[in-house]
Amino acid sequence: MPTAVLTDRERTAVQAYLRLLHTVRAAFDGPPDGGRPSVVPPAVLAEAEQALARAGLAGNEAEFFRLLRDWCPPA
């Protein structure tokens with residue numbers, strides 16, 4: 001499998017996306033007491049949006065998900 005070499009901005013965008021993804025998963029899993037799921041903090045979403053824009057990936061989902069697949073392949 002080829003190894004993707006990401007630019008710093010691309011790597012930052014992928015990392016921000018993964019943090020957002022983990023936050024959303026945690027929100028859907030909800031707190032251990034079974035109460036209402038927490039809301040995704042606006043700062044987490046803003047970080048991902050800004051990182052994608054700085055990397056030139058905003059509006060270019062196909063390219064972004066290719067980078068994500070190459071950098072973080074499924075197990």
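- The CG atom of Leu20 sits 8.5 Å away from the CD atom of Glu49 when rounded to the nearest 0.5 Å.
- Contacts of Arg11 classified as side-chain hydrogen bond (donor to acceptor under 3.5 Å, both in side chains), with partners at least two apart in sequence or in another chain: Asp8.
- Every side-chain contact (heavy atoms from CB on, under 4.5 Å) that Ala16 has, sequence neighbours left out, goes to Arg19, Glu47, Ala48, Ala51.
- Here the CG atom belonging to Leu52 is positioned 11.0 Å from the CD atom belonging to Glu10, to the nearest 0.5 angstrom.
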